J.: 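Handing you this structure, nothing more for now.
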Amino acid sequence: MNKIIRNIVIVALFTVGGGWLGIWLNTVTGNTQPPMQSLGALVWLTSPALSGIFLRASAGMAGRILAWAESLSGWKWYLAGI
């Protein structure tokens, strides 16, 4: 299988799994908040980013990413953005 297709499938499955985990988490905690303001929604919304970080780390790209991040000259703008 092509690496790109494999990565897309992994991200899709991780995101769908994160959605189901979020629903389960809302059920277990007895969520009474609006659906998109709950802990389960946070899990669902962060799962694509976490899967991307996982794929980068598992592909041996972590060293290159860290080296690139350290070479950013405008780090103050990133700090302001956060």
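Quick caveat, the model's predicted, so the values are computed rather than measured.
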J.: Closest heavy-atom contact between S47 and F14?
T.: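 So the two residues come closest at O-CD2, 3.2 Å.
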
J.: State, yes or no, whether a side-chain contact exists between L50 and F54 at a heavy-atom distance under 4.5 Å.
T.: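 L50 vs F54: side chains apart.
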
J.: Can you list, by chain and residue number, the hydrophobic cluster partners of L39 when the side-chain cut-off is 4.5 Å?
T.: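 Grouped by the 4.5 Å side-chain rule, L21, W24, L25, V28, L42, V43 form the rest of the cluster around L39.
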
J.: Does N31 use its side chain to pair, donor to acceptor, with the backbone of S38 at less than 3.5 Å?
T.: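 Not confirmed, N31 side chain does not pair with S38 backbone.
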
J.: When L13 is tested against each of I10, V11, V9, T15 for side-chain contact (heavy atoms from CB on, under 4.5 Å), which residue passes?
T.: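 The single option meeting the side-chain contact (heavy atoms from CB on, under 4.5 Å) with L13 is V9.
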
